[in-house]
Amino acid sequence: MKFDVLTLFPEMFEPLKHSIIGRAIEKNLIDINLINIRDFSKDKHNHVDDAPYGGGAGMVLMPDVVYDAYESVKGEDAKVIYLSPRGKVFNQNTAKELSKKKHLILLCGHYEGIDQRVLDEIEVEEISIGDYVLTGGELPAMVMIDAISRYVDGVLSEDSTKEESFSNQDNLLEYPQYTRPLEFRGKKVPDVLTSGNHAEIDKWRKEQALITTYKKRPELLDESHKEMAKELIKKIIK
Ligand code: 4GN
C-alpha cells in the first residue's frame, strides 16, 4: 500500500520510521512517500500562501502550488484525502475500508487552510480525526497512516486485529491483560488466567470486555447488553 503525503513539514513524519510502522516500511508492506508542497512554489522566495480574499487573519495555501504537488503523485485509482476538522470523523471502520485501497494521497493543510478551488478540482474527501482543531494536518495524517497500516497484510501478527477494541465481533472494549509477576503490590492475577482452562478463560474475557465497556463507555452498548453487564456485575459482587 502506498501513501503519498503532501505537506509543508515532511520532517514531522519521522515518528513513523520506528516500531511497527517502521518495520512495515522496511518489509515493503507499506510505502510512505513525503512530498514537500514548498517544492512546487511559483516564486524565487518559495512562497506557498497568501492573504485571504475578503480579509481576515492568517494565510491560505495557494491553489496552483497545491495542484502541482498533487499532479506530481496523482494516479488512476488514488483516493485523495484532505485532513480537516470539517471532515467526516475517522473511526476503526474507516481505517479498515481505506486499508483495501492501493494508493492514498493525504493532503495536509496549515495556516487558515487551502484555497477551496483546488480542493474542488481534486475532489478531495475531507476526513477529521476528531472534533478539535490542530495547527496542521500532519498529526491527523500520521494517525490515519498508523490505523490503516495495521490492517495491511503482514503488518501485525495474524489474530491481533480480530480481538481488539472496536473491531472485535461485538464492538466491545478490550478485556484487562496481565503478565508476570503473579503478585504486584498485593494485587494478584485473576485465578482463572492461570487455571489452564481455556473455555473458562474465554468466558471470563468476554464477561470482562462487557463489564469494561459498560463502566467506561456505556454509550457503546445497546439496552440488552447493558442489562447483561449489570447482571454480571451483580453476580460477581455476590
Ligand atoms: C485536521 C486538520 C484538525 C484536524 C487540522 C482533525 C489543519 N486540525 N480534527 N488542522 O482531523 C485549517 C487548514 C486547519 C488545515 C487544518
Side-chain angles (χ1 to χ4, degrees), residues 1-16 21 30 32-43 45-74 78-101 103-152 165-167 217 219-220:
M1 162 145 211
K2 179 167 189 179
F3 297 96
D4 282 313
V5 184
L6 308 177
T7 171
L8 286 167
F9 300 96
E11 323 78 48
M12 283 183 73
F13 291 81
E14 171 75 19
L16 295 176
I21 303 302
I30 59 169
I32 303 171
N33 182 30
L34 303 171
I35 298 97
N36 193 336
I37 296 171
R38 198 170 297 280
D39 292 345
F40 298 86
S41 165
K42 304 299 156 211
D43 63 53
H45 299 291
N46 288 147
H47 288 127
V48 291
D49 55 354
D50 208 334
Y53 280 117
M59 300 288 267
V60 178
L61 283 176
M62 295 184 287
D64 47 350
V65 177
V66 172
Y67 190 77
D68 288 353
Y70 160 72
E71 274 216 302
S72 76
V73 295
K74 74 174 177 193
K79 186 179 185 70
V80 191
I81 292 163
Y82 175 46
L83 292 310
S84 154
R86 302 191 297 205
K88 193 154 182 285
V89 177
F90 184 72
N91 63 21
Q92 196 65 32
N93 207 40
T94 329
K96 200 174 201 164
E97 286 307 310
L98 289 175
S99 73
K100 295 170 186 164
K101 302 264 180 232
H103 185 192
L104 293 180
I105 299 173
L106 304 179
L107 174 57
C108 305
H110 256 270
Y111 317 111
E112 291 308 301
I114 301 180
D115 187 300
Q116 186 61 41
R117 292 167 296 179
V118 69
L119 301 176
D120 295 342
E121 182 68 24
I122 298 174
E123 295 183 329
V124 297
E125 175 169 341
E126 295 195 29
I127 294 184
S128 163
I129 61 158
D131 289 335
Y132 37 81
V133 180
L134 302 166
T135 55
E138 284 77 12
L139 286 167
M142 281 188 265
V143 166
M144 285 189 58
I145 290 169
D146 189 295
I148 293 167
S149 297
R150 294 176 72 263
Y151 280 109
V152 172
S165 297
F166 298 116
S167 53
R217 298 284 305 276
E219 77 278 13
L220 295 177

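Numbering of ligands and ligand atoms starts at 1, following listing order. Because only heavy atoms are used, hydrogens play no part in the values below, and waters and symmetry mates are left out as well, while side chains stay in.
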Is there side-chain contact between F9 and C108, with heavy atoms separated by less than 4.5 Å?
no

Which bit of S84 gets closer than 4.0 Å to ligand 1, counting heavy atoms only: side chain, backbone, both or neither?
backbone

Look only at interatomic distance and state if L134 has a nitrogen or oxygen under 3.5 Å from any nitrogen or oxygen of ligand 1.
yes

More than 12 foreign heavy atoms under 6.0 Å from NZ of K88: is that the case here?
no

If you take all heavy atoms of A69 and L6, which pair is closest and at what distance?
O-CD2, 3.8 Å

Taking the minimum heavy-atom distance to atom 6 (C) of ligand 1, which of L61, L139, V143, I129 ranks first?
I129

Pairs meeting criterion ring pair (Phe, Tyr, Trp, His ring centres under 6.0 Å) with involvement of residues 51-70, two or more places apart:
Y67-Y70

Please could you name the atoms of ligand 1 that L83 approaches to less than 4.0 Å, counting only its heavy atoms?
1 (C), 2 (C)

Distance from atom 16 (C) of ligand 1 to nearest protein heavy atom, with residue and atom
P85 CD, 4.2 Å

Are V80 and L104 close enough that some pair of their side-chain heavy atoms sits under 4.5 Å apart?
no

With a cut-off of 4.0 Å, which atoms of ligand 1 are near a heavy atom of G137?
7 (C)

For Y82, the ligand 1 atoms with a heavy-atom partner under 4.0 Å come out as 13 (C), 15 (C)

Minimal non-hydrogen separation, E138 against L8, with atom names
OE2-N, 4.0 Å

So which heavy atom in the protein is nearest atom 13 (C) of ligand 1, and how far is it from that ligand atom?
G113 CA, 3.3 Å

What protein heavy atom is closest to atom 9 (N) of ligand 1, reported as residue, atom name and distance in Å?
G130 O, 2.9 Å

Backbone or side-chain N or O of G109 under 3.5 Å from ligand 1 N or O
no

For M12 and M142, work out which heavy atoms get closest and say how close.
O-CE, 3.1 Å

Going by the rule side chain to side chain contact (heavy atoms under 4.5 Å, CB included), which residues pair with E97 if we only count those two or more places apart in sequence or in a different chain?
K100

Does any N or O of ligand 1 fall below 3.5 Å from an N or O anywhere on H110, backbone included?
no

Under 4.0 Å from one or more heavy atoms of P140, ligand 1 contributes atoms 1 (C), 4 (C), 11 (O)

